Protein chains: 2
Amino acid sequence: MENFIFQNPTKLIFGKGMIAQLAKEVPAGKRVLVTFGGGSVRKNGVYEQVKEALKGFDVVEFWGIESNPKIETLREAIKLGKEQKVDFLLAVGGGSVIDGTKLIAAGILYDGDAWELVLQGGCKHALPLAAVLTIPATGSEMNNGAVISCKATEEKFPFYSNNPVFSILDPTVTFTLPKWQVACGIADTFVHVMEQYMTTPGQSRLMDRWAEGIIHSLIEIAPDIIENQHDYDRMADFMLCATMGLNHFIGMGVCEDWATHMIGHELTALHGLTHGATLAIVMPGLWRTLKAEKMAKLVQFGERIWGITEGDDNARADLAIEKTEAFFRSLGLPTRLGEAGIGEETILEIERRFNARKVAFGENQNVTGAVARQILENCK
Amino acid sequence: MENFIFQNPTKLIFGKGMIAQLAKEVPAGKRVLVTFGGGSVRKNGVYEQVKEALKGFDVVEFWGIESNPKIETLREAIKLGKEQKVDFLLAVGGGSVIDGTKLIAAGILYDGDAWELVLQGGCKHALPLAAVLTIPATGSEMNNGAVISCKATEEKFPFYSNNPVFSILDPTVTFTLPKWQVACGIADTFVHVMEQYMTTPGQSRLMDRWAEGIIHSLIEIAPDIIENQHDYDRMADFMLCATMGLNHFIGMGVCEDWATHMIGHELTALHGLTHGATLAIVMPGLWRTLKAEKMAKLVQFGERIWGITEGDDNARADLAIEKTEAFFRSLGLPTRLGEAGIGEETILEIERRFNARKVAFGENQNVTGAVARQILENCK
């Protein structure tokens, strides 16, 4: 096991009716910037519940943080926050709204252009923020990460700041999510777990078991929730899995991969494809490409998750990859670049970008531009 | 899933050589009361590492917090802390030292006698504390609980305060633990997990999987670490399991039992038997007694942990209990009252105490004095 430092101070407030707790949790005397996405919260009752709970608070609203939040939009929110001298932020929405709000919280305290913070990858100071989550997927509600895009340059980069002070998760708000978002949320959670699991074997048996525990749960609930989104206990399971998939609870003392994400971000930046959908395409291709170095873990995964106990290691690994790809397909997601209308040109552009940035990803830091290209060729 | 609120702010600093981090983590300018047990830290190098890291800090030492920390001893430490005007505490030891220090941290800010705080079950104010853990077992290093004993009255009660600000866990310090303490630590961790798991089925599939993940890990590593305590990765697995077993990570949205603990505390209070050893006796007896109400979960546990897939539910539950008892025996622990020299008189005294206190424990709040007596009869 590697040495590690773990801390996750976010207060998780989970369950039916919990949005009302905002009245107790938002610190008194603050001027609060409440941030929203495109308006679905007006239809599903979340906006009304938030408004009701914040009666008597000093509130400024900002609407319109889009999926894959764009710096162009966030600059407007930062301008508003500075003008209005807000000192607390509340993100009401999915991972994109929470991610965007993490940058807003830093940008309000920064004199330069906030895109500089994104390029630096982090910030020194940020206002406190909290969240009301509406889409289980990114884990942003209980971690310090964000991913911010730039429309002008078609780029998308990670940015790190503070954890939300608290996050409220009411599974009933997921009942009306579009099926596509549920499917992408499941894929996103699945791949978050794999980025922390499908690496070197034998690092931590507990972290392996916990990662496998999230995957077992996702596989069990997926058919039900794709059919019936109104099953409270299933949606609660899903929502908890998504949060626990990326809050460092399964990453203690183990190395991490994240190459699938870095390649997936490029597909979103260049084609606007939903994050979870990019991952369902890239991860099986990455496993096919790096099968030799991930062999032992693929075999363990195949046995514990898919019950594969026959054949040699190579055959088992192949079957584990096939079954994982089939799982993503069962969610209604594309798993090949062609299905998403992505061709050779994009593959070459991603190779070019990785080379130009002189980056290499993965637990062995060997996913260079050339390897990313091989991976994408294996996603055709 | 039940609604829940989860927050665990403790910073976990884990790995070889991490005790040196004290120099960075203890807040500058504080007057620190460092608390110790009986002196084993002088032999295993921990004391030297702590002293080295705290060079330049303003430090007062208190020695002699015993197993099952006694209010009689803690009063002395509280007196010293008040006299010396300390404002930060560092517990260096096992769960007993950390538990005792939680009460000291509260007692220093309390005008009355600290036993009053224990009888109240909690406190309004407490000084910040941190820990260097030397025995994996209680989880006290990452939770807000403590259990405090009174020599005079032969009583032992839980007390709740704050989490440690940070806790340092270096698995190498466990290499020289007595075998008995390793065995009791494994049993303690096992039963902590079961108190949060062996209740109503179907509450949270993820929490079930995570609880089972700790148990799988314990069962896998137990034979190795009983044989060879110098295997770093195994001891690291054990240490992480013990902390994760009782920091609320596996208790989100599920009901809890704790009747085994409440009965076990009485056995310790009356006979001085080590905590983990009391649990290995009581839990199988409690399962035998409450088999009907725990049936569905016993069957799930039997299948997922012990691979029991044949026979009717009753036979499976019986076998799951047998295998669990055999596991405790494989650690060298007694699993029956007689082996620990405990007889009928103690059973009657525990029934009398529960009745006098008008308490009932367990997820269904039905473990009254009479039921506790039945359970103990089933531990003979």
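Quick caveat: nothing in here was measured; it's all calculated off a predicted structure. Heavy atoms only: backbone and side chains are in, while hydrogens, waters and symmetry mates are out. Here is how names work: the chains are called A, B, and so on, in the same order as the sequence lines, proteins then strands, and each is numbered from 1.
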*asked:* A side-chain contact here means heavy atoms from C-beta on lying under 4.5 Å apart; do B:Ile214 and A:Arg209 qualify?
replied: no

If one checks every heavy atom of A:Asp237 against chain B at 4.5 Å, the contacting part turns out to be both

Under 6.0 Å from the CD atom of A:Glu2, do we count more than 12 heavy atoms belonging to anything else shown?
yes

In this structure, CD1 of A:Ile5 is separated from CD1 of B:Ile168 (nearest 0.5 Å) by 9.0 Å

Okay, A:Met1 and chain B: the region with an atom under 4.5 Å from a heavy atom over there is both

Verify whether the ring centers belonging to B:Phe14 and A:Phe6 lie closer than 6.0 Å. no

Cut-off 4.5 Å, heavy atoms of chain B, and the answer for A:Phe166 is neither

| request: Keeping the roles fixed (side chain from A:Asn3, backbone from B:Lys16), state whether a donor-acceptor pair exists under 3.5 Å. | output: yes

Does atom CD of B:Glu48 have more than 12 heavy-atom neighbours, drawn from other residues, nucleotides or ligands, at distances under 6.0 Å? no

**Q.** Main-chain N/O of A:Pro9 paired to B:Gln7 side chain as donor or acceptor, under 3.5 Å
**A.** yes

Whatever's closer than 4.5 Å to a heavy atom in chain B on A:Thr10 counts as backbone

CG of B:Leu206 to CZ of A:Phe238, rounded to nearest 0.5 Å, is 13.0 Å

With side chain to side chain contact (heavy atoms under 4.5 Å, CB included) as the criterion, how do B:Leu240 and A:Phe4 come out once you've worked through the C-alpha distance, each side chain's angles and the decisive distance to 0.1 Å?
CA-CA 11 Å; B:Leu240 190 60; A:Phe4 68 89; 3.9 Å; yes

With a 4.5 Å limit on heavy-atom distance, are the side chains of A:Met244 and B:Met252 in contact?
-> yes

When the 4.5 angstrom heavy-atom criterion is applied to A:Ile250 and chain B, the contacting part is side chain

Problem - Presence of salt bridge, A:Glu220 and B:Arg205, under 4.0 angstrom - result: yes

With chain B, the option among A:Gly253, A:Ala236, A:Gly202 that has the most non-hydrogen atom pairs under 4.5 Å is A:Ala236

